[in-house]
Number of protein chains: 2
Amino acid sequence: MANRQPAAIAPQSILDGDRLALARLLTQVENEAPEGQAALNALFPHTGRAHLIGVTGAPGTGKSSLVNRLARYYRQPEDGAAPRRVAVVAVDPTSPFTGGAILGDRVRMRDLSGDPGVFIRSMASRGSLGGLAASTGGFVQALDAAGFEVILVETVGVGQAEVDIARLAHTTLVVEAPGLGDDIQAIKAGILEIADILVINKADRPGVESAERALRGALQLAHPTRREFHHHGLMDNANQPAPTSENPSMWTPPLLRTVATEGTGIPELGEAIETHRRHLQESGDWERREQTRLQSELEARIQAALLERWRANLPEAVYRKILQALLERKVSPYEAVRRLVNGD
Amino acid sequence: MANRQPAAIAPQSILDGDRLALARLLTQVENEAPEGQAALNALFPHTGRAHLIGVTGAPGTGKSSLVNRLARYYRQPEDGAAPRRVAVVAVDPTSPFTGGAILGDRVRMRDLSGDPGVFIRSMASRGSLGGLAASTGGFVQALDAAGFEVILVETVGVGQAEVDIARLAHTTLVVEAPGLGDDIQAIKAGILEIADILVINKADRPGVESAERALRGALQLAHPTRREFHHHGLMDNANQPAPTSENPSMWTPPLLRTVATEGTGIPELGEAIETHRRHLQESGDWERREQTRLQSELEARIQAALLERWRANLPEAVYRKILQALLERKVSPYEAVRRLVNGD
């Protein structure tokens with residue numbers, strides 16, 4: 001135990017903006033260390049201020065460059081507004097932020113890395129089922145408590161867990177690019193429906209017109225009216241304020257063109273994000289999305305806690321015996337669960 | 001209830017090769033219907049014969065075409081062997097098998113669809129956390145019981161759940177293509193380590209030499225020796241035969257070039273898959289992989305059952321009250337779980 005890194009992170013050091021303490025806390029969260037959990041626990045009342053922006057799309061759409069440009073935009077607003085503190089969390093294993101960058105990407109990222117108002121972190125772990133979502137939730141809370149006003153979460157828009165992470169942001173950007181193989185990937189993957197803002201990046205490439213046409217058509221199908229932010233909770237309807245006619249919460253996702261590598265369209269995208277933020281706050285959707293995200297995190301943690309409690313109470317010999325019968329196909333998985341959980 | 005489709009699928013109809021019954025059963029499994037579970041339960045002793053082949057890779061690598069060609073290869077073996085019954089399960093939402101096909105793809109798929117020895121099915125549902133993996137497991141059991149000797153499971157190689165599905169196959173193919181954006185996606189996504197066979201598809205494209213060089217280099221790093229099929233079980237070490245020196249189970253993943261659209265390299269790929277199958281059976285790895293997959297399914301089901309039992313016992317008012325305190329940030333998620341699960 002002597003070589004372990006110092007266990008406890010003082011919550012105050014996070015609130016004071018100590019970057020080294022923050023980096024250590026994120027590592028603890030990623031490793032699901034109890035010390036990290038204790039710190040998050042203490043920091044929780046200091047969260048709830050940051051604007052979470054999910055950025056998702058297939059590999060090759062240039063979403064990492066887009067995230068990079070957006071981060072720079074918030075650091076150097078063109079309209080004379082005050083710079084905002086920005087964190088970037090790359091959940092996408094194909095993201096250059098995650099370390100697989102070619103040289104050009106790394107150089108571009110370096111613009112940001114000397115700036116104390118910017119914090120960049122990738123999530124390395126694939127982790128357990130649901131571990132990705134849980135770690136991301138913890139990351140966001142730590143960064144929020146550390147005073148980052150904008151948190152950009154980049155995920156690859158093709159995996160189930162990854163799409164769920166983007167979906168739980170306040171504002172979800174779905175990034176597309178023309179000419180990426182056979183077809184518009186976002187349409188095929190069915191992620192258009194989670195888009196608050198749709199971005200066609202690499203818009204200087206051939207095929208942008210037809211890509212935009214395809215996306216506009218698909219958008220109309222996906223958003224006949226604006227989706228309500230729907231969530232199947234653990235308890236039926238336990239906390240879902242039903243959409244009412246007084247609260248229609250209509251939002252038509254705008255479609256924007258960008259060329260992230262040149263910065264084209266970034267101010268317009270920044271404005272669209274700001275418009276969406278105001279919409280969320282005026283309609284009450286901001287609060288609803290906060291609720292949904294917290295509820296979702298709670299449910300994931302409940303599952304983990306139930307499992308831990310069950311495991312602690314079950315003699316290993318019993319588990320082994322039933323597992324062996326399963327492996328010999330003498331009992332089915334269904335029957336094995338009945339015996340293991342319901343204790344027959 | 002009058003309009004529901006007939007509930008019970010007779011297990012014997014699946015064993016007898018009734019395609020309509022099989023299609024209905026798969027729908028029930030996908031919808032997590034209890035009737036489907038009952039049928040799977042009865043079919044379970046008839047499973048364990050099929051060779052599961054996971055095919056994973058980024059969108060644009062042409063893995064759907066590769067799956068199509070492999071299916072045809074098994075139906076019309078060139079070496080005069082008997083045709084094998086083949087099922088294709090497309091978990092990839094961007095797969096043409098899933099319905100987002102352009103015309104050319106659909107035409108190619110049609111070669112297979114008239115053949116009673118072929119069954120093609122996509123998984124539409126994103127489902128709940130872990131739902132994707134659970135449904136895939138059920139699909140594979142149903143198809144296995146129905147007598148399909150080869151089951152090709154196509155997943156997109158960038159999502160956590162999707163990679164896990166491919167990883168749990170007997171033989172995992174990781175598909176790559178030259179010139180797909182900035183870099184080799186499989187290296188960035190870290191999925192090389194799950195490859196039993198590495199395929200560079202679209203090998204008639206420029207850049208194939210450098211792609212192969214990059215992959216060979218990465219393979220050597222990823223496989224300094226062959227990975228043991230490692231699994232973190234619910235119970236520590238409950239069923240993991242430790243790798244021993246008597247059982248080194250060495251397998252060096254071969255790297256093959258294909259041009260799936262033209263059928264180039266498909267017989268060689270089929271032979272490599274067959275060589276891997278023999279390796280698995282001779283080394284005992286076949287049995288170990290079966291065990292790992294069943295154990296993984298068992299664990300997912302245990303989690304679901306624990307949650308269901310907990311939910312049935314907790315008064316909704318209690319849940320609501322703690323959830324409300326969480327939303328007001330008066331209690332942290334950690335504290336909320338402590339109260340909800342540990343009943344303080």
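Residue numbers start from 1 in every chain, and the chains themselves are labelled A, B, ... in the order their sequence lines are given, proteins ahead of strands.
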**Asked** Among A:Arg301, A:Gln28, A:Glu32, whose side-chain hydrogen bond (donor to acceptor under 3.5 Å, both in side chains) with A:Gln37 holds?
**Response** A:Arg301

**Request:** Would you mind checking which part of B:Gln141 comes under 4.5 Å of any heavy atom in chain A, side chain (CB onward), backbone (N, CA, C, O), both or neither?
**Result:** side chain

**Item:** Donor + acceptor pair across side chains of A:Gln303, A:Glu299 (<3.5 Å)
**Value:** no

**Request:** I would like to know whether B:Asn201 and B:Thr61 meet side chain to side chain contact (heavy atoms under 4.5 Å, CB included); could you show each step before the answer?
**Result:** CA-CA 7 Å; B:Asn201 192 33; B:Thr61 50; 5.6 Å; no

**Request:** Residue by residue, scan residues 42-49 of chain A and write down, ordered by number, those that have a heavy-atom distance under 4.5 Å to chain B; if none do, write 'none'.
**Result:** A:Phe44, A:Pro45, A:Thr47, A:Gly48

**Asked** A:Gly62, A:Ala304, A:Ser332: which one forms the most heavy-atom pairs within less than 4.5 Å of chain B?
**Response** A:Ser332

**Prompt:** About how many Å separate NZ of A:Lys63 and NZ of A:Lys202, when rounded to the nearest 0.5 Å?
**Reply:** 9.5 Å

**Request:** Taking only Lys NZ, Arg NE, NH1 and NH2, and the carboxylate oxygens of Asp or Glu, determine whether B:Glu297 and B:Arg293 approach each other closer than 4.0 Å.
**Result:** no

**Message:** Can you tell whether the side chains of A:Glu308 and A:Arg311 come within less than 4.0 Å, N to carboxylate O?
**Reply:** no

**Complete:** Ranked by heavy-atom pairs below 4.5 Å to chain B, first place among A:Leu306, A:Leu40, A:Leu294 goes to A:Leu306

**Distance, nearest 0.5 Å, that separates CG of B:Leu298 from CD of B:Gln291** = 12.5 Å

